Trainee: 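Dumping the structure here so I can ask a few things about it.
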Amino acid sequence: MTDNKARTDLFSPARLGALDLSNRIVMAPLTRSRATDDGLVGDLQATYYAQRASAGLIIAEATNISMQGRGYALTPGIWTDEQVAGWKKVTDAVHAEGGKIVSQLWHVGRYSHNDLQPNGQAPVAPSAIKAEGDTYTNDGMVPVAMPRALETDEIPGIVADYVRAAENAKRAGFDGIEVHSANCYLLDQFIRDSTNKRTDRYGGSIENRTRLTQEVVEAVLGVWDAGSVGIRLSPASTSAGNTPLDSDVMATYGHLIRQLNRFNLAYLHTVEGVTGGARQMPEGIDLDVLRAEFKGAYIGNNGYDLDLAIARRAESKINAVAFGRPFIANPDLVERLRNGVPLTDAPRETYYGGGEAGLTDWPKLAA
Ligand SMILES: Cc1cc2nc3c(=O)[nH]c(=O)nc-3n(C[C@H](O)[C@H](O)[C@H](O)COP(=O)(O)O)c2cc1C
């Protein structure tokens, strides 16, 4: 495909599985930490997402499937009826503007703190190995806590929490769901051999470590048709010390992606490189090789600009492109890219927390 054709194509309707998109520009999931203590969203988020509804698809901010899945204060949930009602306002507002929106289902695993957990318990993880880094609680930033390893017989309960969240996403009027199996959260912690030291059927071999992600996908397909379900992976994520999290990324993710082909999902969405960081791959990792293993549609993300999106579309490396940070201060990102209008940069201070400021007060271009 020529660059010109690829450019036109990015702004033209496309189909990912059963999802009909008005263009191939996707809004990446962005945690904005403006939900209530009870994980409720409402009018504020309805306005925010409706402003961005010209994206071909919005992947809503990561949404906790359970209280146990929470790792940050003020992030939304989708396990109570009240939370569902809040999300219904959001999906109605996006649909009224002609947009499409899916819910990203999230369990942070070890990346949490007792203060965020039911009854002040320790966070759960594949193995009792503490993460590096801080999280945000009602008392401000604190180091993440030491997790406890999940018992084998607790795992069906976690899969059931994903199913309940998938059902709730349907009740809330979403167009689909994205299983969040990226960015070193619970499902990713099971996949990697540096965070998973289990000796049961969920640990050890690649088959075992990728089992939970597959079980979750299979279970939510009892609720949603496969064409409305996507998955997000970040094979090249590194730990805080920039060390690879898995001893054989190509073999581990190659196996997982080949297995995912069984399900005919709407799309595979990959963070290409270190999330929000470099696109350069560590030695021995080639995401295009992994991408070629996937039989369905592919959304590329991480550090894209329009030129890169055009180039990768021209080479048939992506079906759609997800932009994260550019959507924060450019609600009409699609129109700006189409018209070559310079983009506004959002200061980091606006990313997380607060109210309308930095969330819904970014102007659109004058008509
Ligand atoms: C403020 C902020 C919040 C984010 N929240 C999420 C999230 O909820 N779920 C997720 O999978 N990724 C999340 N990410 C990662 C983005 O989806 C995306 O992968 C990253 O920003 C790279 O894309 P970009 O270069 O277009 O911004 C977040 C990134 C930022 C900057």
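Predicted, not measured: the structure shown is a model, and the values here were computed from it. Note that ligands are numbered from 1 as they come in the structure, with each ligand's atoms numbered from 1 the same way.
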Trainee: Before signing off on this row, confirm whether G303 and ligand 1 have an N or O atom pair separated by under 3.5 Å.
Mentor: yes
Trainee: Specify the protein heavy atom at minimum distance from atom 9 (N) of ligand 1: its residue, its atom name, and the distance to 0.1 Å.
Mentor: Q104 OE1, 2.9 Å
Trainee: Heavy atom under 4.0 Å from ligand 1: found in T275's side chain, backbone, both, or neither?
Mentor: side chain
Trainee: Run the salt bridge (charged side-chain N to carboxylate O under 4.0 Å, His left out) check on R211 and E218 step by step: do they pass?
Mentor: CA-CA 10 Å; R211 189 185 304 281; E218 193 159 13; over 6 Å; no
Trainee: Tell me which one of V102, I231, V220, V223 satisfies side chain to side chain contact (heavy atoms under 4.5 Å, CB included) with I177.
Mentor: V220
Trainee: Below 4.0 Å from ligand 1: does a non-hydrogen atom of Y352 turn up there or not?
Mentor: yes
Trainee: Using a 4.0 Å cutoff against the non-hydrogen atoms of Y351, which atoms of ligand 1 qualify?
Mentor: 1 (C), 31 (C)
Trainee: Would W106 and Y72 count as a close aromatic pair, with their ring centres under 6.0 Å?
Mentor: yes
Trainee: Under 4.0 Å between a side-chain nitrogen and a carboxylate oxygen: does that hold for D288 and R291?
Mentor: no
Trainee: Do R279's NZ or CZ and the ring of Y304 fall within the cation-pi criteria of under 6.0 Å and 45°?
Mentor: yes
Trainee: May I ask you to decide whether K317 forms a salt bridge with E272, counting only side-chain N to carboxylate O separations under 4.0 Å?
Mentor: no
Trainee: Return the closest protein heavy atom for atom 29 (C) of ligand 1 as residue, atom name and distance.
Mentor: L30 CD2, 3.8 Å
Trainee: When you measure from the side chain of T270 to the backbone N and O of G300, does any donor-acceptor pair fall under 3.5 Å?
Mentor: no
Trainee: Which of these, N301, N183, I59, has its nearest heavy atom closest to atom 23 (O) of ligand 1?
Mentor: N301
Trainee: Checking the N or O distance criterion of under 3.5 Å, is ligand 1 in contact with E61?
Mentor: no
Trainee: From the options P29, P326, G324, A62, select the one whose nearest heavy atom is closest to atom 17 (O) of ligand 1.
Mentor: P29
Trainee: Counting non-hydrogen protein atoms only, what is the nearest one to atom 31 (C) of ligand 1? Give residue, atom name and distance.
Mentor: R325 CG, 3.5 Å
Trainee: At the 4.0 Å heavy-atom cut-off, does A182 count as touching ligand 1?
Mentor: no
Trainee: Could you walk me through whether H107 and Y185 pass the ring-ring contact (aromatic ring centres under 6.0 Å, His included) check?
Mentor: CA-CA 7 Å; H107 188 310; Y185 294 118; 9.7 Å; no
Trainee: Can you report which non-hydrogen protein atom sits closest to atom 22 (C) of ligand 1, along with the distance?
Mentor: N302 OD1, 3.2 Å
Trainee: For atom 10 (C) of ligand 1, grab the closest protein heavy atom and report residue, atom and distance to one decimal in Å.
Mentor: R232 NH1, 3.0 Å
Trainee: What atoms of ligand 1 come within less than 4.0 Å of a heavy atom belonging to F323?
Mentor: 26 (O)
Trainee: Is the shortest distance from a Lys or Arg side-chain nitrogen in D81 or R171 to a carboxylate oxygen in the other one below 4.0 Å?
Mentor: yes
Trainee: Evaluating non-hydrogen atoms only, which member of V26, T63, T31 is closest to atom 8 (O) of ligand 1?
Mentor: T31
Trainee: Considering only heavy atoms of A28, which atoms of ligand 1 have at least one such atom less than 4.0 Å away?
Mentor: 17 (O)
Trainee: Thinking salt bridges, do R325 and D345 make one under a 4.0 Å N-O criterion?
Mentor: no
